[in-house]
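Worksheet for the structure shown next.
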Amino acid sequence: MLNYRSGESSFSDTPYFCPPFNSSSDVSTNVTSLQNFNRHSFGSDFVWGTATAAYQIEGAVDRDGRTPCVWDTFSRQKGKIKTGETADVACEFYDRYVSDLHLHKEMGFNAFRFSLSWSRILPDGVGPTQGGRINEAGLRFYDQLIDQCLALGITPWITLYHWDLPQALENLGGWPNRKIVDWFADFADVCTKAFGHKVKHWIILNEPLAFSILGYFTGQHAPGRRSLRNLLPVIHHTTLAQAEGGRIVRRNVPDAQVGTTFSCSPIDPFTPKDQAAAVRVDALMNRLFIEPSLGLGYPKELSFLSGIAKKVAKPGDMERLAFDFDFIGLQHYFRAVVEQSYFMPYIWAKDVSPLRRNVSTLTEMGWEVYPESMYRVIKQFSQYEGIKKIYITESGAAFYDVVERGVVNDVARVTYHQNYIEQVLRAKQEGIPVEGYFAWTFLDNFEWAEGFRPRFGLVHVDFRTQQRIVKASGRWFQQLLTAEQPVAIN
């Protein structure tokens with residue numbers, strides 16, 4: 001499957017190092033010619049935000065009662081992080097959140113998506129009902145963060161789980177252990193009781209495909225386990241937890257908007273004979289976790305999933321997979337082009353790399369820049385019955401940023417967001433209920449197994465000095481979100 005948050009895919013020949021984006025002169029012309037909207041084009045209720053994750057920005061991994069998570073352990077294993085780095089310090093957001101949120105406000109965003117560090121709140125992984133402790137210092141940090149958002153007029157959007165499972169729970173088996181559903185339910189219960197009176201937008205899971213497949217099947221992400229035996233239990237327990245988390249939020253915060261997020265890419269066959277391969281990859285990458293939540297069960301195009309009902313599920317499980325979410329979040333970066341392959345078990349397909357397809361416009365991660373793919377995934381997911389609202393909860397790009405005289409003129413990133421947002425508007429104008437856009441990401445951060453090298457942020461971070469510089473892309477958003485007229489870039 002595609003490692004969509006890495007420079008490589010687990011069935012691709014794409015290298016990490018890819019050519020830089022097209023020249024700035026070409027990009028500048030492109031921006032000026034295409035930019036033809038402002039915030040009013042999307043309506044007054046459209047949500048504009050950035051998305052972040054606790055482990056990637058907070059730092060302070062051993063302070064105020066926080067215990068290790070799987071990424072703390074994974075990043076200390078030789079060769080797991082390409083740059084050999086850890087997120088022990090990261091962006092120091094734990095100490096700098098007040099000034100950082102002022103930058104966020106300055107750029108014009110009205111929503112801030114952040115996740116809660118499970119091990120910062122529950123150091124033992126479980127709460128008091130299961131014999132664990134609640135870390136009051138952890139609750140206090142997030143309470144103050146939420147208050148700061150509200151004081152600035154920024155709506156907090158909480159993600160309950162963004163990949164940082166407490167190491168204490170991984171030691172007990174992690175996501176392959178069915179008890180994870182109860183462990184996660186306990187965490188969701190503690191968090192919603194603590195913050196539900198202030199926070200009304202809750203996201204249950206961030207990209208379940210990533211932490212389940214990359215973490216327990218291919219081993220590319222924490223906890224780095226590679227096992228065919230893990231595959232079906234992890235998928236099933238993740239899907240159960242997704243629905244159970246939704247039920248707990250709705251029970252504890254009746255007036256909440258409850259959603260969850262899915263990574264998604266349009267899947268194209270390389271040649272007409274690869275159509276069946278594209279259908280299987282689509283079932284894995286786009287349908288695996290949303291269809292059970294809608295009461296449709298697991299995709300039948302992936303025959304190996306039938307083993308869940310036969311070997312993993314307990315009586316009543318298949319009915320428990322469904323939950324009526326108020327919204328779904330789509331997290332989109334690129335399309336995938338695939339071909340038949342007899343060397344990839346289960347899906348019998350492999351990615352055809354952008355280089356092999358002679359794609360000229362790539363991000364630093366080696367991803368194809370293909371704006372229409374944003375429209376296509378919105379259109380695809382909107383066709384499900386039961387989808388009430390769609391938010392783009394992540395989209396962004398890493399490029400080779402350069403600081404020159406205190407300025408980061410990242411026109412390639414401006415072009416990316418402009419072109420992808422234009423496709424969001426296209427979908428919205430067709431009547432699709434897409435209600436917001438969260439840029440990935442606010443600050444340059446620890447980009448998981450890639451380390452600190454890829455920079456996705458609208459704000460540049462010097463990781464030696466922690467100095468912040470709002471990039472041209474951040475200023476572009478500022479102008480877009482505060483100007484009355486359509487904006488262009490010189």
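Taking the six-membered ring for Trp and the full ring otherwise, Trp175 and Tyr161 have centroids separated by under 6.0 Å.
Contacts classified as salt bridge (charged side-chain N to carboxylate O under 4.0 Å, His left out) and involving residues 89-100 (residues at least two apart or in different chains) are given here: Arg63-Asp95, Glu92-Arg96, Asp100-Arg468.
Using a cutoff of 4.0 Å between basic side-chain nitrogens and carboxylate oxygens, Arg247 and Asp324 are not scored as salt-bridged. Salt-bridge check for Arg320 with Asp317: passed, with a basic side-chain N closer than 4.0 Å to an acidic carboxylate O. Between Arg66 and Asp62 no salt bridge is recorded (no basic side-chain N to carboxylate O distance below 4.0 Å).
Side-chain atoms of Ser373 and Tyr333 form no donor-acceptor pair, as typed in the model, at a separation below 3.5 Å. Checking Asp401 against His460 by side-chain atom types alone, no donor-acceptor pair falls below 3.5 Å. No side-chain donor from either of Glu422 and Tyr375 sits under 3.5 Å from a side-chain acceptor of the other. Under the 3.5 Å distance criterion, with hydrogens and angles disregarded, no donor-acceptor pair is assigned to the side chains of Thr50 and Arg113. Counted by atom type alone, Gln167 and Asn171 present one or more donor-acceptor pairs between their side chains at under 3.5 Å. Judged purely by distance below 3.5 Å, without hydrogens or angles, the side chains of Asp282 and Gln380 pair a donor atom with an acceptor atom. Under 3.5 Å, the side chains of Trp476 and Gln418 contain no donor-acceptor pair of N or O atoms. Between the side chains of Thr129 and Asp186, at least one donor-acceptor pair of N or O atoms lies under 3.5 Å.
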* Test log, rule side-chain hydrogen bond (donor to acceptor under 3.5 Å, both in side chains), inputs Thr393 and Gln331 -> CA-CA 6 Å; Thr393 42; Gln331 311 206 156; 3.0 Å; yes
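Contact detail for Ser473 and Val414: the closest heavy-atom pair is CA-CG2, 3.5 Å.
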